[in-house]
Amino acid sequence: MGMTAGKFDVDYRPRFPGGYRPGIGIVGCGGIVRQAHLPAYNKYGLRVVGAHDVRPEATEGVQERFGVERVYEGLDELLSDPEIEIVDVATHPQHRAPLVLRALEAGKHVLSQKPFATDLTTARALIAEADRSGLRLAVNQNGRWAPAWRTATLLVQQGVVGEVLAVTHLYEVSFSWTVGTAFDQIEHFAIYDYSIHWLDIIRCWIEGRRVGTVRARDYRTPDQPPEARTPWGMVVEVACEDGASALVRGVGCVRTARVGHPFWIHGTEGNVRGSSLGNDFVELERGGEFRRYDLEGAWFPDGFAGAMGELMSAVAEDREPYNSARHNLLSLAITLAACESADRGGAPVELEGGLE
Ligand SMILES: NC(=O)c1ccc[n+]([C@@H]2O[C@H](COP(=O)([O-])OP(=O)(O)OC[C@H]3O[C@@H](n4cnc5c(N)ncnc54)[C@H](O)[C@@H]3O)[C@@H](O)[C@H]2O)c1
């Protein structure tokens with residue numbers, strides 16, 4: 001049975017503050033910036049004042065292709081440009097903390113790629129520095145604005161599913177593309193670098209719950225070639241103190257013509273079923289009725305516009321962004337606990353207190 005038109009409408013699209021288009025400066029112009037940051041900023045008419053990368057070849061062609069106004073040879077040049085208000089740091093995490101700090105010291109708001117930091121102490125120090133400087137520090141958890149996930153988040157926030165009891169995610173994908181890339185060198189890649197988006201959206205959907213323990217296991221799939229270093233298969237379980245739970249299962253070796261990341265949210269009043277990043281859809285079930293949402297756009301690149309748009313809106317409205325580093329701290333803590341658990345063969349790891 002279908003729902004009455006207009007019932008449980010949500011606006012899942014990226015949002016920008018009216019009339020305010022602050023200049024963006026990009027630090028680290030690698031694969032993801034060319035594949036998603038710049039296409040997203042172009043699509044939504046955001047102004048990229050300039051870009052800098054330690055490898056000059058990385059910024060080649062970005063002016064012609066994406067309308068980036070300037071290329072800076074040095075970081076200082078970018079940071080001293082008064083037309084830049086937001087610095088978008090898109091290097092790998094091990095290079096990122098000092099760059100974020102330098103940008104904050106230069107008086108810029110920062111959007112940092114994920115994983116936000118390699119450890120919680122560094123993450124907290126960066127948050128403290130942003131607070132001290134009166135600047136906004138947000139994390140580029142662009143999955144939060146993937147159309148299907150954003151729709152689900154808004155339904156959860158509006159109480160449409162009641163209390164969230166369980167969240168379940170499945171990756172119906174293959175990680176064979178990591179062979180020969182830098183990602184194959186990342187310890188627990190499937191958990192630490194990839195799943196962090198799924199653990200972050202779990203964090204959003206269990207808002208207000210206290211996480212008790214995290215368990216994880218990663219393993220080589222039977223078909224994984226010897227030269228592929230990082231395990232393709234993994235499972236992470238997040239247990240909240242009140243019994244609510246979440247599960248991420250990464251099959252990692254799927255051969256299918258319909259790649260997708262199906263998910264389920266089971267609540268006391270309703271359920272959400274969907275898929276993001278392939279075979280996108282979202283469906284709400286409530287009171288025996290169903291509604292399927294029309295989704296425009298996709299995680300790549302629209303989610304990236306959503307993450308930047310939220311930071312811009314927060315700056316304009318003088319408030320904490322939804323994707324603030326502070327809000328992302330629990331996602332990072334869950335991810336790091338999952339890596340620790342995998343190191344210990346799946347033993348439960350208790351989350352430190354005080355994170356909600
Ligand atoms: N959905 C997503 O949000 C998503 C997807 C893919 C990658 N990522 C993340 O984005 C980050 C970068 O990934 P990538 O695939 O673009 O990597 P990449 O290696 O292609 O790009 C990183 C770039 O940073 C540059 N760099 C390194 N140190 C620098 C410094 N000190 N100053 C300026 N530039 C510097 C490198 O030269 C390189 O061009 C990673 O943290 C990764 O996890 C996010």
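The model shown is predicted, which means the values in this text are computed figures rather than measured ones. Atoms within each ligand, like the ligands themselves, are counted from 1 in listed order.
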Undergrad: Write out the residue and atom name of the closest protein heavy atom to atom 44 (C) of ligand 1, then the distance separating them to 0.1 Å.
TA: Q113 OE1, 3.2 Å

Undergrad: Examine W149 together with W198 and report whether their ring centres are nearer than 6.0 Å.
TA: yes

Undergrad: Can you pull out the closest protein heavy atom to atom 17 (O) of ligand 1? Residue, atom name and distance to 0.1 Å, please.
TA: H92 NE2, 2.9 Å

Undergrad: With sequence neighbours excluded, tell me which residues meet side chain to side chain donor-acceptor pair (under 3.5 Å) with W299.
TA: N142

Undergrad: Using a 4.0 Å heavy-atom cut-off, say whether F183 meets ligand 1 through its side chain, its backbone, both or neither.
TA: side chain

Undergrad: Can you run down the side chain to side chain donor-acceptor pair (under 3.5 Å) pairs that involve residues 92-110, sequence neighbours left out, and say none if there aren't any?
TA: D76-R102

Undergrad: Using heavy-atom distances, let me know which of G28, A307, A36 sits nearest atom 24 (O) of ligand 1.
TA: G28

Undergrad: So for Q35, does at least one of its heavy atoms come nearer than 4.0 angstrom to any atom of ligand 1?
TA: no

Undergrad: With clusters defined by side-chain heavy atoms of hydrophobic residues (ILVMFWY) lying less than 4.5 Å apart, directly or transitively, does L79 cluster with L101?
TA: yes

Undergrad: Taking the six-membered ring for Trp and the full ring for Phe, Tyr or His, determine whether the centres of W264 and H169 are under 6.0 Å apart.
TA: no

Undergrad: Which of the atoms in ligand 1, numbered in the order shown and given with their element, are less than 4.0 Å from a heavy-atom of F300?
TA: 1 (N)

Undergrad: Can you list the ligand 1 atoms lying under 4.0 Å from a non-hydrogen atom of D193?
TA: 43 (O)

Undergrad: Over 60° means perpendicular and under 30° means parallel, so tell me whether Y322 and W145 are parallel, tilted or perpendicular.
TA: perpendicular

Undergrad: How far is atom 30 (C) of ligand 1 from the closest protein heavy atom, and which atom is that?
TA: V54 CG1, 3.6 Å

Undergrad: Do R286 and V161 come close enough that some side-chain heavy atom pair is under 4.5 Å?
TA: no

Undergrad: Looking only at atom types and distance, does a side-chain atom of R55 sit under 3.5 Å from a main-chain N or O of G30, one as donor and one as acceptor?
TA: no

Undergrad: Considering only the protein, which heavy-atom contact is closest to atom 12 (C) of ligand 1, and what is its distance?
TA: A90 O, 3.3 Å

Undergrad: Are R291 and Y293 in a cation-pi contact, defined as NZ or CZ under 6.0 Å from the six-membered ring centre and within 45° of the axis?
TA: yes

Undergrad: Of all the atoms in ligand 1, which lie at a distance below 4.0 Å from a heavy atom belonging to N142?
TA: 1 (N), 2 (C), 3 (O)

Undergrad: Just to confirm my output: which protein heavy-atom neighbour is closest to atom 16 (O) of ligand 1, and how far is it?
TA: I32 N, 2.9 Å

Undergrad: Within a distance under 4.0 Å of any heavy atom of H197, pick out the atoms of ligand 1 and give their elements.
TA: 1 (N), 2 (C), 3 (O)

Undergrad: I'd like the name of whichever of V139, D53, L99 reaches closest to atom 36 (C) of ligand 1 through any heavy atom.
TA: D53

Undergrad: So which heavy atom in the protein is nearest atom 20 (O) of ligand 1, and how far is it from that ligand atom?
TA: G31 N, 2.8 Å

Undergrad: Starting from atom 11 (C) of ligand 1, locate the nearest protein heavy atom and write down its residue, its atom name and how far away it is, to 0.1 Å.
TA: T91 O, 3.5 Å

Undergrad: I'd like to know if the side chain of D184 reaches the main chain of R229, judged simply by a donor and an acceptor atom lying under 3.5 Å from each other, with no hydrogens or angles considered.
TA: yes

Undergrad: Between Y194 and F175, does the ring centre distance come in under 6.0 Å?
TA: yes

Undergrad: Specify the protein heavy atom at minimum distance from atom 21 (O) of ligand 1: its residue, its atom name, and the distance to 0.1 Å.
TA: G30 CA, 3.2 Å

Undergrad: R96 heavy atoms, cut-off 4.0 Å: which ligand 1 atoms fall inside?
TA: 41 (O)

Undergrad: Below 4.0 angstrom from a heavy atom of P93, which ligand 1 atoms are there? Numbered from 1 as shown, please.
TA: 41 (O)

